[in-house]
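Side chains included, hydrogens not; waters and symmetry mates left out as well; all remaining heavy atoms used.
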Amino acid sequence: MRIQNGISRRHLLEIAAAGSTLALAGSMRRAFAQPARRIEQLDPALDKLIDTSQTIQELASGYGGELGPAEGPLWWKEGGYLLFNDIHNNRRMKYTPGKGVTVDLEPSNRANGLTRDSRGRLVSCEHDTRRVTRREQDGSLTVIANSFQGRRLNRPNDVVVKSDGSYYFTDPNASFVPEQWDLQHAGVYRVSADLGSMSLLTDAFVNPNGLAFTPDESVLYIIDSRRRHIRAFDVLPSGVIAKHTDRVFADLGGSEPGNPDGMKVDVAGNVYCGGAGGLWILDPQGKKLGRIVHGQPATTNVGFGGDDWKTLFFTTRSTLFAVNLKIAGIPVPVPARRS
């Protein structure tokens, strides 16, 4: 049988078969590109931290875009909910277990990293306004930092608060050409608890990103996303870092997609940070114990939560996930230390 346009039935069947083969090949490529979710053990010590047989929980998705991903997961223990930012869509989201996700604030000035200070106030790194802000108890905003030595900040990315109330934040070079009144370098800064002084801790990073303290606050970890590693610095009694102690704590690069971005530390000093192929779990010496393979291109940030601080929430560019841990994370706000 021959069709009017001159194509035989056999030829049509061959075309259909070829199309099916291509579709199957495409599906297989997508399957290989999206690895099955799993918790990968690299060292027996991981057993003390996490049950590797558990399911990785997908809590919500559909966030992010060209202007920025889902970011900054922060557990609010008093309310029993998690805040995180949907940067591209300029809003802060609120996830409540058993109820799902609602919009907490819109617009959010395309905020990125979130934390709480020693008095429990929300601290945000805002991209659009290029500043770090604090939400007071009455709802008003206090600017913690928007410039340094008369020059405007680039685009603050992540922030942590030490137990003495001082603020530490990263300010990478953003995707714009600095003007004459802008800072000409990427930096990591400290602002005193009373907001009376601001110090440049280091400008030796290509792209400073997430940061976190060890449990005793004697060491500050800082990520350089461009170089795909975490660096460590000893912290001096004054609160500044000892630059001569600069060392690479862990290299999280590799052939798989994903750069180190945000990170957190548990009460025993283990570090949780995104990197090539997923979310890495490292011991206090930087040894790789395991990896949470979630199948997405990048892990953007992590945060501990739940009543016992044993839930590890983490964001990718589009999705909020969670796994359960056997060990608690350092709570936020960090308890004040006795002098």
Undergrad: For residues R92 and S108, report the shortest heavy-atom separation together with the two atoms involved.
TA: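 Between these two residues, the closest heavy atoms are N-CB, 3.9 Å.
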
Undergrad: Is there a side-chain contact between P208 and D224 (heavy atoms, below 4.5 Å)?
TA: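 The answer is no; the side chains never approach within 4.5 Å.
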
Undergrad: Any sub-3.5 Å donor-acceptor pair from S192's side-chain atoms to S197's backbone N or O?
TA: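 Checked: pair present.
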
Undergrad: As a quick check of understanding, evaluate salt bridge (Lys or Arg N to Asp or Glu O under 4.0 Å) for R155 and D171, giving each step before the final call.
TA: CA-CA 6 Å; R155 188 166 286 168; D171 185 41; over 6 Å; no

Undergrad: How close do G262 and D158 get, heavy atom to heavy atom, and via which atoms?
TA: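 Scanning both residues completely, I find the closest heavy atoms to be CA-OD2, 4.3 Å.
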
Undergrad: Do side-chain atoms of Q184 reach the backbone of D182 as a donor and acceptor pair under 3.5 angstrom?
TA: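 Side chain of Q184 to backbone of D182: a pair is present.
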
Undergrad: May I have the step-by-step check of ring-ring contact (aromatic ring centres under 6.0 Å, His included) for Y189 and F148, ending in yes or no?
TA: CA-CA 9 Å; Y189 297 88; F148 179 68; 5.2 Å; yes

Undergrad: In the single-linkage hydrophobic clustering (I, L, V, M, F, W, Y; side-chain heavy atoms under 4.5 Å), do V103 and V101 co-cluster?
TA: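 Yes: a chain of side-chain contacts under 4.5 Å links V103 to V101.
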
Undergrad: For the residue pair P97 and Y95, establish whether any side-chain heavy-atom pair is separated by less than 4.5 Å.
TA: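 Contact flag for P97/Y95 side chains = yes.
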
Undergrad: Side chains of H127 and N109: does their closest heavy-atom pair fall under 4.5 Å?
TA: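 Of all side-chain heavy-atom pairs linking N109 with H127, none is under 4.5 Å.
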
Undergrad: Which residue pairs pass the side-chain hydrogen bond (donor to acceptor under 3.5 Å, both in side chains) test when at least one of the two sits in residues 272-283, sequence neighbours left out?
TA: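 Sorted pair list: D266-Y272.
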
Undergrad: Please round to the nearest 0.5 Å and tell me the distance separating atom CG of L49 and atom NZ of K326.
TA: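 Rounded to the nearest 0.5 Å, the CG-NZ separation comes to 8.5 Å.
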
Undergrad: So, for L46 and I281, which heavy atoms are closest and what is the spacing to 0.1 Å?
TA: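 What the structure gives for the nearest pair is CD1-CD1, 3.8 Å.
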
Undergrad: Assess, by modelled atom type and distance only, whether the side chains of E126 and N112 contain a donor and an acceptor separated by less than 3.5 Å.
TA: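 On atom types as modelled, these side chains do not qualify, holding no pair under 3.5 Å.
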
Undergrad: For the backbone of A186 and the side chain of D203, can you confirm whether one donor and one acceptor N or O come within less than 3.5 Å of each other?
TA: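 Checked: no pair found.
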
Undergrad: Hey, is CZ on R247 packed in by over 12 heavy atoms from elsewhere, all under 6.0 Å?
TA: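 Yes - once you tally the heavy atoms of other residues, nucleotides and ligands closer than 6.0 Å, there are more than 12.
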
Undergrad: Between T52 (side chain only) and I39 (backbone N and O only), is there a donor and an acceptor less than 3.5 Å apart?
TA: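 Not confirmed, T52 side chain does not pair with I39 backbone.
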
Undergrad: Within the distance-only criterion (no hydrogens, no angle test), does the side chain of T170 pair as donor or acceptor with the backbone N or O of G210 below 3.5 angstrom?
TA: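 Here the side-chain-to-backbone pair does not exist.
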
Undergrad: Indicate yes or no for a side-chain donor-acceptor contact from N207 to the backbone of S225 under 3.5 Å, with no hydrogens or angles considered.
TA: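 Such a contact is absent between N207 side chain and S225 backbone.
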
Undergrad: Working note: I327 + V267, criterion side-chain contact (heavy atoms from CB on, under 4.5 Å); need CA distance, chi angles, decisive distance, verdict.
TA: CA-CA 7 Å; I327 186 170; V267 294; 3.9 Å; yes

Undergrad: Output, in order, the C-alpha distance, side-chain angles, deciding distance and verdict of side-chain contact (heavy atoms from CB on, under 4.5 Å) for T142 and L195.
TA: CA-CA 10 Å; T142 296; L195 309 187; 3.8 Å; yes

Undergrad: Is the Y221 ring parallel, tilted or perpendicular to the F249 ring (thresholds 30°, 60°)?
TA: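 Ring orientation of Y221 relative to F249: tilted.
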
Undergrad: Given F213 and Y168, is the ring-ring contact (aromatic ring centres under 6.0 Å, His included) satisfied, shown in steps?
TA: CA-CA 10 Å; F213 285 101; Y168 293 70; 5.0 Å; yes

Undergrad: What heavy-atom pair brings V302 and L312 nearest, and what distance separates the two atoms?
TA: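 That closest heavy-atom pairing would be CB-CD1, 4.3 Å.
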
Undergrad: Do F321 and W309 belong together in a cluster built from hydrophobic side chains that touch within less than 4.5 Å?
TA: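 Yes, it is one cluster - the side chains of F321 and W309 are joined through contacts under 4.5 Å.
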
Undergrad: Can you check whether D47 reaches Q41 side chain to side chain, under 4.5 Å on heavy atoms?
TA: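 Sidechains of Q41 and D47: in contact.
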
Undergrad: Can a donor-acceptor pair be found, under 3.5 Å and without considering hydrogens, that links the side chain of T202 to the backbone of A204?
TA: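 Pair found, side chain donor or acceptor close to backbone of A204.
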
Undergrad: Rounded at 0.5 Å granularity, tell me how far CG in N154 sits from CZ in R130.
TA: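 N154 atom CG to R130 atom CZ measures 6.5 Å (nearest 0.5 Å).
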
Undergrad: Run the side-chain contact (heavy atoms from CB on, under 4.5 Å) test on L282 and L289 for me, step by step, so that the C-alpha distance in whole Å, both residues' side-chain angles and the decisive distance to 0.1 Å come before the verdict.
TA: CA-CA 5 Å; L282 315 167; L289 304 181; 6.0 Å; no

Undergrad: Would D117 and Y167 satisfy side chain to side chain donor-acceptor pair (under 3.5 Å), going step by step from the backbone distance to the final call?
TA: CA-CA 8 Å; D117 73 359; Y167 303 85; 3.0 Å; yes

Undergrad: Contact between S118 and P333 at the side-chain level, heavy atoms closer than 4.5 Å - yes or no?
TA: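 S118 vs P333: side chains apart.
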
Undergrad: Would the distance check show the side chain of Q137 and the main-chain N or O of R121 forming a donor-acceptor pair, the cut-off being under 3.5 Å?
TA: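 Side chain of Q137 to backbone of R121: no pair is present.
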
Undergrad: What are the two closest non-hydrogen atoms of T315 and P73, and how far apart are they?
TA: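 Scanning both residues completely, I find the closest heavy atoms to be OG1-CD, 3.8 Å.
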
Undergrad: Report the C-alpha separation of L153 and F169 in whole Å, then their side-chain angles, then the decisive distance to 0.1 Å, and conclude whether the side-chain contact (heavy atoms from CB on, under 4.5 Å) test is met.
TA: CA-CA 11 Å; L153 296 176; F169 70 93; 3.9 Å; yes

Undergrad: Within a radius of less than 6.0 Å around CG of D216, do more than 12 heavy atoms belonging to other residues, nucleotides or ligands occur?
TA: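 Enclosed.
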
Undergrad: With side-chain contact (heavy atoms from CB on, under 4.5 Å) as the test, pick out the partner of F304 among T311, L74, L325.
TA: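 Of the listed residues T311, L74, L325, the side-chain contact (heavy atoms from CB on, under 4.5 Å) partner of F304 is L325.
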
Undergrad: Could you give the distance from NZ (K77) to CG (D308), rounded to the nearest 0.5 Å?
TA: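 The CG atom of D308 is 8.0 Å from NZ of K77, to the nearest 0.5 Å.
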
Undergrad: Would you say that H294 contacts Q296 through its side chain, given a criterion of any heavy-atom pair below 4.5 Å between the two side chains?
TA: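 With C-beta onward as the side chain, the pair touches.
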
Undergrad: Are I241 and L200 co-members of a hydrophobic cluster defined by side-chain heavy atoms under 4.5 Å apart?
TA: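 As far as the 4.5 Å side-chain criterion goes, I241 and L200 are not connected within one cluster.
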
Undergrad: Other residues, nucleotides and ligands only: do more than 12 of their heavy atoms fall within 6.0 Å of CD on E78?
TA: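 Enclosed: over 12 neighbouring heavy atoms sit under 6.0 Å from CD of E78.
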
Undergrad: State, without any angle test, whether E217 and S163 hold a side-chain donor-acceptor pair at a distance under 3.5 Å.
TA: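 The answer is yes; a qualifying pair exists.
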
Undergrad: Verify, without hydrogens or angle tests, whether R291 (side chain) and A276 (backbone) share a donor-acceptor contact under 3.5 angstrom.
TA: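 Yes; at least one donor-acceptor contact below 3.5 Å.
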
Undergrad: State which residue, out of N209, T316, T300, fulfils the side-chain hydrogen bond (donor to acceptor under 3.5 Å, both in side chains) condition with D261.
TA: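 So the option named by the test is N209.
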
Undergrad: Is it the case that the side chain of R110 and the backbone of L67 share a donor-acceptor pair, with hydrogens and angles ignored and the cut-off at 3.5 Å?
TA: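 Pair found, side chain donor or acceptor close to backbone of L67.
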
Undergrad: Distance check, rounded to the nearest 0.5 Å: R91 atom CZ versus T102 atom OG1?
TA: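 R91 atom CZ to T102 atom OG1 measures 10.5 Å (nearest 0.5 Å).
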
Undergrad: Side chains of T133 and R131: any donor to acceptor distance under 3.5 Å?
TA: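 There is no such pair (donor and acceptor under 3.5 Å, judged by atom type) between the side chains of R131 and T133.
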
Undergrad: Is it possible for you to say whether V219 and V334 belong to one hydrophobic cluster, with membership spreading through side-chain heavy-atom contacts below 4.5 Å?
TA: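 Yes, V219 connects to V334 through the hydrophobic network.
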
Undergrad: With rounding to the nearest 0.5 Å, note down the distance linking CG in L122 to OG1 in T115.
TA: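 With rounding to 0.5 Å, CG (L122) is 8.5 Å from OG1 (T115).
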
Undergrad: Do N85 and E71 have side-chain atoms, one donor and one acceptor, less than 3.5 Å apart?
TA: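 E71 and N85 do not have a side-chain donor-acceptor pair below 3.5 Å.
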
Undergrad: Return the minimal non-hydrogen interatomic distance between P260 and L252, and the atom names on each side.
TA: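 Heavy atoms only, the tightest pair is CB-CD1, 4.2 Å.
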
Undergrad: Going hydrophobic residue to hydrophobic residue with side-chain gaps under 4.5 angstrom, can you get from V265 over to L220?
TA: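 No; tracing contacts between hydrophobic side chains, which count when under 4.5 Å, never links both residues.
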
Undergrad: Is any side-chain heavy atom of I223 less than 4.5 Å from a side-chain heavy atom of R228?
TA: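 I223 vs R228: side chains apart.
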
Undergrad: Is any side-chain heavy atom of W76 closer than 4.5 Å to one of L83?
TA: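 Touching, per the 4.5 Å side-chain cut-off.
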
Undergrad: First locate atom NZ of K264, then atom CG of L211, and finally report the distance between them rounded to the nearest 0.5 Å.
TA: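 Those atoms lie 8.5 Å apart.
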
Undergrad: In this structure, is the centre-to-centre distance between the rings of F313 and F84 below 6.0 Å?
TA: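 For F84 and F313, the ring centres are not under 6.0 Å apart.
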
Undergrad: Got a sec: does the NZ of K48 have more than 12 other heavy atoms crowding it under 6.0 Å?
TA: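 12 or below, so no.
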
